[in-house]
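Please read all numbers here as calculations on a predicted model, not as lab measurements. Nothing fancy with the numbering, it's 1 onward along the sequence.
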Amino acid sequence: MFLSNIKNILLYYDYQPLLFFWVVSDIFNNMFLWTSYGYWCELGQANTYFLYIAFFIASIFILCCINNLKRLSTAVTLYLLIYLYSTIRYLLNIYGGDVGFEVMDFKNLFITLWYFVLWVWILVKLKNEHLHKKIKNGG
């Protein structure tokens, strides 16, 4: 019964409220707002600052397009591409580093995979809803 209800929620309920609160949280939690370029330069990760700017812009784009399915799916796709880039960058950093793979890396990659699946699910729901509305309106 419980799993059936979870399945129904995932399949049939709207995702926009979740997406709205998630993206607003993502915006306020973005390190671009709370750090400076100099901070990241001191850590030897100057490009990370620009990655946070890209996530910030993508989140603002999602928020601005939340009522337009076609643009929203483009915004979510952009966010997913940035996410994929940052994950690949993280993996290359692990393999290029001196320490190697640690337990914390497994945790980080598991969480990254979880969020990636969540974003892909949202994108599929967006595309599906857009297709249904297009069919319903006759093209």
Side-chain angles (χ1 to χ4, degrees):
M1 182 65 137
F2 177 76
L3 291 178
S4 176
N5 286 341
I6 296 292
K7 177 186 166 208
N8 288 337
I9 287 169
L10 291 174
L11 292 177
Y12 303 115
Y13 287 82
D14 289 339
Y15 49 84
Q16 283 95 341
L18 165 70
L19 191 56
F20 173 80
F21 285 107
W22 187 0
V23 168
V24 169
S25 170
D26 208 33
I27 290 168
F28 289 132
N29 208 16
N30 192 298
M31 292 299 285
F32 165 67
L33 294 176
W34 308 110
T35 60
S36 66
Y37 180 68
Y39 171 82
W40 293 101
C41 286
E42 287 175 16
L43 293 175
Q45 298 179 3
N47 291 333
T48 300
Y49 185 74
F50 298 110
L51 186 61
Y52 280 119
I53 290 173
F55 275 118
F56 185 78
I57 291 169
S59 296
I60 295 288
F61 187 36
I62 289 171
L63 193 59
C64 291
C65 299
I66 203 139
N67 62 347
N68 184 322
L69 288 175
K70 188 173 183 179
R71 288 190 180 143
L72 184 58
S73 66
T74 301
V76 170
T77 301
L78 172 66
Y79 194 96
L80 267 168
L81 289 173
I82 297 168
Y83 203 78
L84 186 62
Y85 169 78
S86 70
T87 302
I88 291 169
R89 186 172 169 255
Y90 179 71
L91 285 170
L92 290 175
N93 190 39
I94 291 170
Y95 286 114
D98 297 333
V99 179
F101 224 69
E102 294 182 341
V103 173
M104 189 62 90
D105 295 321
F106 284 110
K107 178 204 75 94
N108 291 341
L109 289 173
F110 175 76
I111 291 169
T112 298
L113 179 63
W114 182 261
Y115 282 135
F116 183 77
V117 168
L118 193 65
W119 278 107
V120 168
W121 173 77
I122 289 170
L123 184 60
V124 167
K125 295 285 282 182
L126 280 168
K127 296 281 189 180
N128 192 25
E129 185 175 335
H130 180 63
L131 178 64
H132 282 4
K133 284 186 178 191
K134 197 173 183 180
I135 290 169
K136 182 180 176 182
N137 295 333

[Y] reachable from [X] in the ILVMFWY side-chain graph, under 4.5 Å edges:
{"X": "Trp22", "Y": "Val117", "result": "no"}
{"X": "Tyr79", "Y": "Leu81", "result": "no"}
{"X": "Phe28", "Y": "Leu19", "result": "yes"}
{"X": "Val103", "Y": "Leu113", "result": "no"}
{"X": "Tyr83", "Y": "Ile111", "result": "yes"}

ask   = Just wondering, do Ile82 and Leu78 contact through their side chains at under 4.5 Å, heavy atoms?
value =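 Side-chain contact under 4.5 Å: yes.
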Rounded at 0.5 Å granularity, tell me how far [atom1] in [X] sits from [atom2] in [Y].
{"X": "Leu84", "Y": "Thr112", "atom1": "CG", "atom2": "OG1", "result": "11.0 Å"}
{"X": "Leu72", "Y": "His130", "atom1": "CG", "atom2": "NE2", "result": "11.0 Å"}
{"X": "Asn128", "Y": "Leu123", "atom1": "CG", "atom2": "CG", "result": "11.0 Å"}
{"X": "Tyr39", "Y": "Met31", "atom1": "OH", "atom2": "CE", "result": "5.0 Å"}
{"X": "Trp121", "Y": "Leu118", "atom1": "CH2", "atom2": "CG", "result": "7.0 Å"}
{"X": "Phe32", "Y": "Tyr37", "atom1": "CZ", "atom2": "OH", "result": "13.5 Å"}

query = Does the Trp119 side chain pair with the main chain of Thr77, one donor and one acceptor, at a distance under 3.5 Å?
reply =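 Side chain of Trp119 to backbone of Thr77: no pair is present.
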task = Look only at the side chain of Asp105 and the backbone of Glu102, and say whether a donor-acceptor pair between them is shorter than 3.5 Å.
result =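 Judged by distance alone, yes, a pair lies under 3.5 Å.
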Give every donor-acceptor pair under 3.5 Å between a side-chain atom in residues 49-62 and any protein atom, sequence neighbours left out.
{"from": "Ser59", "atom 1": "OG", "to": "Asp26", "atom 2": "OD2", "distance (Å)": "3.0"}
{"from": "Ser59", "atom 1": "OG", "to": "Phe55", "atom 2": "O", "distance (Å)": "2.9"}

key: Residues which pass ring pair (Phe, Tyr, Trp, His ring centres under 6.0 Å) with Phe110, listed by chain and number, not counting sequence neighbours   =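 Partners of Phe110 under the ring pair (Phe, Tyr, Trp, His ring centres under 6.0 Å) test: none.
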inquiry  = Using the rule given for side-chain contact (heavy atoms from CB on, under 4.5 Å), can you reason through Thr87 versus Phe116, listing the C-alpha separation, both sets of side-chain angles and the distance that settles it, and then say yes or no?
reply    = CA-CA 10 Å; Thr87 302; Phe116 183 77; over 6 Å; no
Cut-off 3.5 Å, no hydrogens considered: what does the side-chain donor-acceptor table look like for residues 63-70, sequence neighbours left out?
{"from": "Asn68", "atom 1": "OD1", "to": "Lys70", "atom 2": "N", "distance (Å)": "3.2"}
{"from": "Asn68", "atom 1": "OD1", "to": "Arg71", "atom 2": "N", "distance (Å)": "3.2"}

ask   = Do other residues, nucleotides or ligands put more than 12 heavy atoms under 6.0 Å from Tyr115 OH?
value =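 Open: at most 12 neighbouring heavy atoms sit under 6.0 Å from OH of Tyr115.
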query = For the residue pair Tyr90 and Asn108, what are the closest heavy atoms and their distance?
reply =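 Residues Tyr90 and Asn108, closest heavy atoms: OH-ND2, 3.0 Å.
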inquiry  = Quick test of your reading of the model: are Lys133 and Glu129 salt-bridged, counting only N-O distances below 4.0 Å?
reply    =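 Salt bridge: yes.
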